[in-house]
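Letters go in sequence order (proteins before strands), and every chain restarts at 1. We use all heavy atoms of the structure for the numbers below, so side chains are in, but hydrogens, waters and symmetry mates are not.
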There are 2 protein chains.
Amino acid sequence: MESSSATRGGSTRREATRQKLYEAAVTLIAEQGFSATTVDEIAERAGVAKGTVYYNFASKSVLFEELLRHGVGLLTASLREAAERTARDGGTKVDALDAMIRAGLVFIERYPAFTQLYVAELWRTNRAWQSTLMVVRQQAVAVVEGVLHEGVAAGEFSAEIDVPLTASALVGMVLVAALDWQSFQPERSLDDVHAALSRLLQGRVSGRSGS
Amino acid sequence: MESSSATRGGSTRREATRQKLYEAAVTLIAEQGFSATTVDEIAERAGVAKGTVYYNFASKSVLFEELLRHGVGLLTASLREAAERTARDGGTKVDALDAMIRAGLVFIERYPAFTQLYVAELWRTNRAWQSTLMVVRQQAVAVVEGVLHEGVAAGEFSAEIDVPLTASALVGMVLVAALDWQSFQPERSLDDVHAALSRLLQGRVSGRSGS
DNA sequence: GTTTTTGCACTGACCAGTCAGTTCAATTAC
DNA sequence: GTAATTGAACTGACTGGTCAGTGCAAAAAC
């Protein structure tokens with residue numbers, strides 16, 4: 001009767017089911033919102049019985065909360081990796097920001113539904129998962145702020161910039177541009193979008209340089 | 001249309017009731033989302049009977065849709081006014097963008113709940129008011145795009161910029177920075193936030209020193 | 001006297017969460 | 001080998017509650 005969780009470190013079956021539920025939930029909630037999405041819908045899209053949802057998650061809210069944590073975790077890791085890679089390669093801090101913009105675009109291209117859902121919840125108040133959201137948001141933004149701080153310390157950026165606000169603005173720039181890209185011109189290439197945002201980042205908008 | 005105080009598309013009394021309902025709905029929906037907000041709540045917060053809601057609006061969705069139209073209409077008018085005022089005063093296109101950034105901040109400071117709710121709905125699909133949202137969104141973004149186009153035509157901006165994408169990015173920059181401002185540092189002054197965004201717009205981030 | 005609002009009871013659809021029962025892969029017994 | 005046993009994973013009908021929208025007579029506002 002020993003804990004025969006013989007199937008190495010947590011059953012694979014269960015993990016697969018949870019993954020299917022995440023994938024089903026993310027699209028439905030992105031399209032319709034949390035409250036308008038029913039557990040029955042999620043179960044059906046995942047090809048699973050309703051009871052299975054409750055076997056795997058304590059409630060609809062908990063499912064959503066874990067989904068948020070999981071998704072933002074991926075983004076944060078990706079941003080951090082981009083910043084570190086740039087630093088290792090001896091790039092400037094502007095290069096690091098540029099690499100993070102690209103990492104953001106790659107993420108959004110890959111998980112557009114998650115991004116959409118995240119934005120829709122981010123500034124809400126009075127919701128069960130508010131505090132969770134706060135924590136993961138800060139982890140992601142902190143990566144951007146870190147690069148800005150280092151840039152100021154190294155004299156690459158003006159000492160007068162407002163780090164948190166500039167970080168927010170940069171995040172917003174990428175977020176909205178990318179969501180519009182996915183919604184209205186999904187056929188455009190990532191490189192194309194990235195180039196346009198790079199230009200903006202480096203202040204090469206004003207000042208002519210016609211083709 | 002006559003502009004007598006009593007006539008403005010209907011009786012004043014009715015208009016006042018509708019206004020109260022808008023105000024009640026906007027806060028509740030911003031906090032909780034559309035589906036999680038009940039008609040009973042809206043009526044109660046507006047200090048009005050439930051029947052009155054249905055006397056004034058065909059349905060909950062229609063109330064929300066008209067709310068969206070109304071709110072974005074205010075924003076669009078404000079952006080347009082800012083652009084035109086700058087043009088009249090002989091400002092550059094960068095000045096016009098800067099004035100529009102300020103107009104955006106003023107709007108968000110005044111109607112934070114509306115902004116929040118708007119962002120939450122903007123990239124959703126499969127919702128009843130999707131097409132309405134599309135139209136009003138485009139009206140607002142078109143104002144920014146117009147200024148960018150004029151700037152390119154006048155040689156003030158590089159001919160290589162991607163106008164729609166740059167417009168999206170600028171909107172995103174202001175939107176996210178302002179929402180974060182309102183959520184996390186509401187005590188900061190608008191001028192302060194505006195200054196930080198102006199700096200970013202004019203590419204005065206990289207490059208050391210300041211004014 | 002017409003328009004607007006109120007108050008409130010009512011309905012029918014919908015939905016989160018429950019639970020008694022089933023499936024199945026792995027383990028143990030023979 | 002194969003039969004019996006175990007327990008985690010899964011199922012889906014069911015329940016208790018919620019909510020959008022209705023109907024209407026009476027009051028208030030204009």
Whole-Å distance, A:Phe57 CZ to C:dT18 P, equals 16 Å
In B/S/- notation (B base, S sugar-phosphate only, - none; protein heavy atoms under 4.0 Å), nucleotides 12-30 of chain D written 5' to 3' is B------SBBB------SS
Problem set entry | Beyond-backbone contact of A:Phe157 with A:Leu97, side-chain heavy atoms, under 4.5 angstrom | yes
A:Leu21 CG to C:dG17 C1', in whole Å, measures 15 Å
Separation of C:dC15 atom P from A:Ile42 atom CD1, nearest Å, is 12 Å
A:Asn56 CG to C:dG17 P, in whole Å, measures 15 Å
Next on the checklist: Are B:Phe114 and B:Tyr22 an aromatic pair, judged by ring center distance below 6.0 Å?
Outcome noted: no
Here the pair of heavy atoms bringing B:Ile42 nearest to B:Ala24 is O-CB, 3.6 Å
Going by atom types alone, do B:Gln139 and B:Thr76 pair a side-chain donor with an acceptor below 3.5 Å?
no
Minimal heavy-atom distance between B:Gly71 and B:Phe107, with the atoms involved, is O-CZ, 3.6 Å
note: A:Tyr55, atom OH; C:dT22, atom P; distance rounded to Å ~ 18 Å
B:Arg14 atom CZ is separated from C:dT2 atom C1', nearest whole Å, by 13 Å
Heavy atoms of A:Leu105 and A:His194 approach each other most closely as CD1-CA, 3.7 Å
note: A:Glu44, atom CD; C:dC15, atom C1'; distance rounded to Å ~ 15 Å
From CG of A:Leu28 across to C1' of C:dC15 the rounded distance in Å is 15 Å
